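Order of listing sets the numbers, starting from 1, for every ligand and every atom in it. Only this structure's heavy atoms are used, side chains among them; waters, hydrogens and symmetry mates stay out. Quick caveat: nothing in here was measured; it's all calculated off a predicted structure.
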Amino acid sequence: MQRIWISEITGKVGQEVALCGWVNGRRDMGKLVFIDLRDRSGIVQVVFPSGNQELAKVAGDLRPEFVVSVRGKVNARPPKQVNPNLPTGTVEVEALEAVILNQAKTPPFEIDKDTAGVSEETRLAYRYLDLRSERMRKNLELRHRMIKFFRDWLSERGFLEIETPMLTKGTPEGAREFIVPSRLHPGKFYVLPQSPQQFKQLLMVAGVERYFQIARALRDEDQRGDRQPEHTQLDMEMSFVDQNDVLELVEEMMMAMVKAVAPEKKINAIPFPRIPYDQAMKKYKSDKPDLRRNPGDPDELAFAWIVDFPMFEKGDDGKINAMHHPFTSVHEEDLLDSDPLRVHAKQYDLVLNGYELASGSIRIHRRDLQNKVFKVLGLSDEEIERRFGHMLRAFEYGAPPHGGIAPGIDRLAMLLAGEPNIREVIAFPKTGDARDLLMGAPSEVSASQLREVHIQIIKDKKGNPSTCLPDRQARLRAGKRGN
Ligand code: ASP
């Protein structure tokens, strides 16, 4: 007999069905044992009558989280026993046959209740149990529906989903990068992408015209707020567009997505307000203002665009940095040489309820302009060639005007789910200090693995991995002060 989802059961009164799932709860009433059987789609009450010895044995053995298959008859519950709190509360299943497929130890926390109050260390170490809880399952489903919506919506508009490499070369997005040693090329390293920025631009040079990817962005950042070393972006790029085209398309997509995925939410201003950066800083002292009228309303969504960012900013070290990234095009090209800090970028951010949801820009597609921006950033000709020669060369072969954006999937899912942090909408997140408590990463690797990739770990006197270089160690040991 083919197994059905529990959510399908209410339409099957009088029929025999096969169900599979986990024991969510068990109530022994002496003559009858009631099991709340849970699968991914929901929960249903299964009654084990005492008359049948075999069934009574199974019912007696069942404990929370045991895995069972049940064949049974769907009965309508008498009106008094209808449970209005359960979507399947109008019916129950009378067990005819039951098999224990696997046993389970007592879980370290209760799965039939919201796990929000359980210590996060425990939840993350036993994430496969945490994800069985209703809220976490709903969050995974919401995230899935959101991503599917974007995929379908963009595909219908001629966007191609294209994967770009994970083992690549650095791309400046303002964060530290994860590096991967090469075994085949001693002393050389791959860099994990902070974003597919350069590849998506090269896809525009390749004539793809409309690209998207559900892309993982990897950033080796210090512990800072609600950050993850890997996060997911809806990475997009388009050719022959100006800023207004990108803003309008993304706005239409976001409105349609909210309507399809979270129809209970209300967007408080359409079209989304467009606020120049200077004005936002003056009025709200922030480039991600929270424009909700009633921040207490969990269903209010206040989107806004922040536009006209400065192209450059001066770092604490006095160096000029790109505010977004150096591939961003500019408004006042003529000021690049004389007064770069007055130049505005064709950059736009989408903010939602005080969070930066997306960043994007119209890109540079001319070699001379790109070169000039690199120069403003203080790069030498040699460095420009070494790091970005491939981009400059690509621009010489008919690069179309293009631009794009990358909305953060985790943040969007968090805001739609009404969760306080992005870990609640990521299946296997890391802790605030970048540890994976379930798998136990990061971890040591064997001496032979290290040898293969030509890496040697410097140890201090006690044999622990050292954080300083050997010559400094030697000087410290000799009682001299190191720098
Ligand atoms: N690559 C940028 C980022 O990751 C987004 C973009 O400019 O499209 O923030």
Side-chain angles (χ1 to χ4, degrees), residues 150 154 159-166 168-178 191-205 208-221 224 227-239 241-251 253-254 277 287-288 305-313 321-330 344-352 355-365 370 373 377 387-388 391 399-412 422:
F150 288 139
L154 290 169
F159 283 76
L160 294 187
E161 182 170 7
I162 300 176
E163 291 151 274
T164 53
M166 292 302 277
T168 177
K169 195 172 161 176
T171 193
E173 298 266 353
R176 190 179 292 112
E177 291 158 326
F178 285 102
V191 171
L192 300 180
Q194 293 193 49
S195 94
Q197 186 61 36
Q198 296 186 54
F199 286 110
K200 67 173 169 175
Q201 291 193 240
L202 292 169
L203 286 171
M204 296 304 107
V205 183
V208 165
E209 296 203 31
R210 290 179 164 214
Y211 143 95
F212 80 97
Q213 177 179 196
I214 308 298
R216 203 60 62 79
L218 296 129
R219 301 180 183 182
D220 187 4
E221 293 186 291
R224 186 152 60 95
R227 299 268 174 153
Q228 285 281 305
E230 41 186 313
H231 70 272
T232 307
Q233 299 181 332
L234 171 61
D235 197 45
M236 300 163 62
E237 198 74 10
M238 289 157 265
S239 292
V241 288
D242 60 22
Q243 173 164 314
N244 193 49
D245 297 324
V246 180
L247 268 47
E248 278 185 355
L249 181 116
V250 172
E251 196 161 319
M253 177 177 74
M254 287 296 172
Y277 172 85
D287 58 358
K288 32 183 178 297
W305 290 104
I306 308 296
V307 295
D308 298 337
F309 283 76
M311 176 69 189
F312 303 104
E313 60 189 346
N321 302 315
M323 241 174 119
H324 186 37
H325 51 59
F327 309 109
T328 298
S329 192
V330 297
H344 288 88
K346 293 184 180 169
Q347 182 201 335
Y348 31 81
D349 275 10
L350 181 59
V351 299
L352 173 56
Y355 288 89
E356 181 196 311
L357 194 62
S359 247
S361 60
I362 296 301
R363 324 297 184 188
I364 297 169
H365 64 283
Q370 187 65 76
V373 167
L377 294 171
R387 292 177 60 190
F388 305 112
M391 289 294 279
H402 59 284
I405 190 162
I409 295 281
D410 308 300
R411 270 194 195 157
L412 194 50
I422 59 173

Looking at Q233 and I405, would you say the former's side chain and the latter's main chain have a donor-acceptor pair under 3.5 Å? no
When you measure from atom 9 (O) of ligand 1 to every protein heavy atom, which one gives the shortest distance, and what is it? E173 OE1, 3.6 Å
For atom 5 (C) of ligand 1, the protein heavy atom that lies nearest, with its residue and separation: S359 O, 3.3 Å
Contact atoms of ligand 1, heavy-atom distance to I405 under 4.0 Å: 8 (O)
Relative to ligand 1, is S195 under 4.0 angstrom through side chain, backbone, both or neither, heavy atoms considered? side chain
To which of R363, M236, Q347, E356 does the heavy atom nearest atom 6 (C) of ligand 1 belong? R363
Can any side-chain N or O of D220 pair as donor or acceptor with the backbone N or O of R176 at less than 3.5 Å? no
Aromatic ring pairing W305/Y348, orientation class (parallel under 30°, perpendicular over 60°, tilted between): perpendicular
Under 4.0 Å from a heavy atom of G360: which atoms of ligand 1 are those, numbered in the order shown and with their elements? 6 (C), 7 (O)
For H402, run the side chain to side chain donor-acceptor pair (under 3.5 Å) check against Q201, K200, R363 and tell me which one passes. Q201
At less than 4.0 angstrom from any non-hydrogen atom of R219, what atoms of ligand 1 do you find? 3 (C), 4 (O)
Using a 3.5 Å distance criterion without hydrogens, assess whether the side chain of E237 forms a donor-acceptor pair with backbone atoms of L203. no
Under 3.5 Å between any N/O of H325 and any N/O of ligand 1: does that happen in this structure? yes
Which bit of K200 is near ligand 1, meaning a heavy atom under 4.0 Å away: side chain, backbone, both or neither? side chain
Kindly state whether the ring of F150 and the ring of F159 have centres lying under 6.0 angstrom apart. no
Could you walk me through whether E173 and S195 pass side chain to side chain donor-acceptor pair (under 3.5 Å), step by step? CA-CA 8 Å; E173 298 266 353; S195 94; 2.6 Å; yes
Would you call H324 a ligand 1 contact, heavy-atom distance under 4.0 Å? yes
Taking atom OH of Y355 as the centre, does the number of heavy atoms from other residues, nucleotides or ligands within less than 6.0 Å exceed 12? no
Going by the order shown, which atoms of ligand 1 are within less than 4.0 Å of some heavy atom of A406? 5 (C), 8 (O)
